[in-house]
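In what follows, a single structure is set out as structure tokens and then discussed.
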Number of protein chains: 2
Amino acid sequence: MKKIVIADDHPMIRGALALSLAATTAFGKIEVLETSTLAELLAYLNDSGEADLVLLDLRMPGVNGFEGLLTLRARFPSTPVVIISALEDPQLVAEALALGAAGFIPKSTPRHEIVRALNLVAAGEVYAPPHLDCPLTSEAGRVDAELAQRLTSLTPQQRRVLQLLGTGKLNKEIAYDLAIAETTVKAHVSSILHKLNVYSRTQAVVMAGRLHLSSFADIAEV
Amino acid sequence: MKKIVIADDHPMIRGALALSLAATTAFGKIEVLETSTLAELLAYLNDSGEADLVLLDLRMPGVNGFEGLLTLRARFPSTPVVIISALEDPQLVAEALALGAAGFIPKSTPRHEIVRALNLVAAGEVYAPPHLDCPLTSEAGRVDAELAQRLTSLTPQQRRVLQLLGTGKLNKEIAYDLAIAETTVKAHVSSILHKLNVYSRTQAVVMAGRLHLSSFADIAEV
DNA sequence: GCGCCAATAGTACTTAGGAACGAGGCCGGA
DNA sequence: TCCGGCCTCGTTCCTAAGTACTATTGGCGC
């Protein structure tokens, strides 16, 4: 019995995805749960242990970018996450996959294709929309792709630290939040700075912040 | 002879605005210049002194949010800046005006209304799209409005410092860039932190970064 | 068992950040 | 003319940040 969680603030989308899941054979017997906020999703995973798959909307109340994906990858590294999104910017897809998403399914994808995608993911493969031309080499996304590359080189705990860094917290506060010593936080921060090739926490925050939102800003203008 | 600069990366828009300017009587005799990048605009203003009006597109290559407006307000506080934008989110308008824009003209505005808006601005008034309902009280924009309010309380030099802070620069680097002593930079940073009601440069950067991009992210999802 | 790596944590050290003073110059408004 | 705000710069002091080591633990693959 596989546990699959759908996280999307739009009930209609959740319903459609649940239908597609029901039509997917590769998972065998499945149990589908739905949540409408990131907090709800995290609370559930914390209580009931890791799920076997998470379908995550990129845009949820209170979470604009890849924060949700990053959080999930950090706290539950072994749980595959498929990104669901109304947007299908190649750069966005590239970043999502670089950040460890197991797939990227635009909401405009036809049902049968969604089923095919889910079967792929169930088999451990990575799914990307086929009509997007080689996303990783798109010229505009090169910088972000490299940035995403660097972010993926972070360990789960380091991602947690980076996330808290992004809220402007002090090392001491981060240590308290993660229940570890401040020296350990410093060790993580040093490692993060090296991996991101910057020399101050502020620069690290700027880089991370860019990834969270830049993709949206770039396509906001019609 | 009034000097007016149009900054927009789209030639068609520039042309349309130039036409509207030609039909505007309140400025008297005018000289219209066009630039397609923010850097070009700044270079021109640096060389030839302040203009009498700048029409600035919100979305230019390399500048996603209010960075251009902030920069202009910081370096040339007495030059009125009218924001041109394809977007007309009330919150966006509120923020732009709070940041000192002399007006906000959506690209969908009909020609005669643009002329009316420019006449208003020429008379020292502030123009906002009339069909947007009391932008400053929109519930979702309250936080950002307050934030914008705080940012406007910064002095021009402090805005310059904040902008450099936003790139992750050290105090020493900021001092070098602005050709002032590091102690002076520290004084500015301290003042900025007080005004923004935060206690570290990183938090200040996060706040500023939120304003630059949040509006775009909030409306990116259709 | 052995080696690798993430995570933890410690010590010692240097530098950056920031607060809290004071103080002088400049400029525009009352 | 005086006052106040902005910008400048200095001193002193404390804390936060970051580096450079070392070391232990536990998991995971060979």
Atom pair distance, as rounded to whole Å: NZ in Lys195(B) and P in dG18(C): 17 Å
Any idea which heavy atoms bring Ser200(A) and Leu193(A) closest together, and the distance? O-CD2, 3.5 Å
Pro156(B) has a side chain; which of dG18(D), dC7(D), dG10(D) sits nearest to it? dC7(D)
Give the B/S/- string for nucleotides 22-30 of chain C, one per nucleotide from 5' to 3', where a protein heavy atom under 4.0 Å of the base yields B, of only the sugar-phosphate yields S, and otherwise -. ---------
5'-most by nearest nucleotide on DNA chain C - Tyr199(B) or Thr155(A): Thr155(A)
From the list dT11(C), dT19(D), dT8(D), which nucleotide is the closest neighbour of the side chain of Leu193(A)? dT19(D)
Rounded to the nearest Å, what distance is computed from the NZ atom of residue Lys186(A) to the P atom of nucleotide dT15(C)? 15 Å
What closest approach, in Å, do Val189(A) and Asn171(A) show between heavy atoms, and which atom pair accounts for it? CG2-OD1, 3.9 Å
Whole angstroms only, please: what is the NE2-C1' distance between His188(B) and dG17(C)? 16 Å
How long is the line joining CG of Leu154(A) and P of dA6(C), in whole Å? 11 Å
Quick one: Gln157(A) CD to dG26(D) C1', roughly how many Å, whole number? 15 Å
Starting at atom CG of Leu165(A), determine the distance to atom P of dA16(D), rounded to an integer number of angstrom. 15 Å
Close approaches to DNA chain D from residues 166-182 of chain B, in residue order (heavy atom, under 4.0 Å): Ile180(B), Ala181(B)
Taking NZ in Lys195(B) as the centre, count heavy atoms belonging to other residues, nucleotides or ligands within less than 6.0 Å. Is the count above 12? yes
Verify, without hydrogens or angle tests, whether Asn119(B) (side chain) and Ala26(B) (backbone) share a donor-acceptor contact under 3.5 angstrom. yes
OH/Tyr176(B): more than 12 non-hydrogen atoms of other groups inside 6.0 Å: no
Quick note, His194(B) side chain, CB onward, closest among dA9(C), dT8(D), dA19(C) is dA19(C)
Minimum heavy-atom separation for Ile114(B) and Ile105(B), please, with both atom names. CG1-CG2, 4.0 Å
CE-CG distance between Met207(B) and Asn197(B), expressed to the nearest 0.5 angstrom: 8.0 Å
Would you say dA6(C) has OP1 or OP2 under 4.0 Å from some side-chain N or O of Gln158(A)? no
Rounded distance in Å - CZ (Arg201(A)) to C1' (dG17(C)): 11 Å
Is there a side-chain polar atom (N or O) of Ser190(A) under 4.0 Å from OP1 or OP2 of dT19(D)? yes
Taking Thr167(B) for the side chain and Leu164(B) for the main chain, is one N or O donor matched with an acceptor at less than 3.5 Å? yes
Looking only at side chains, do Arg160(A) and Gln163(A) share a donor and an acceptor under 3.5 Å apart? no
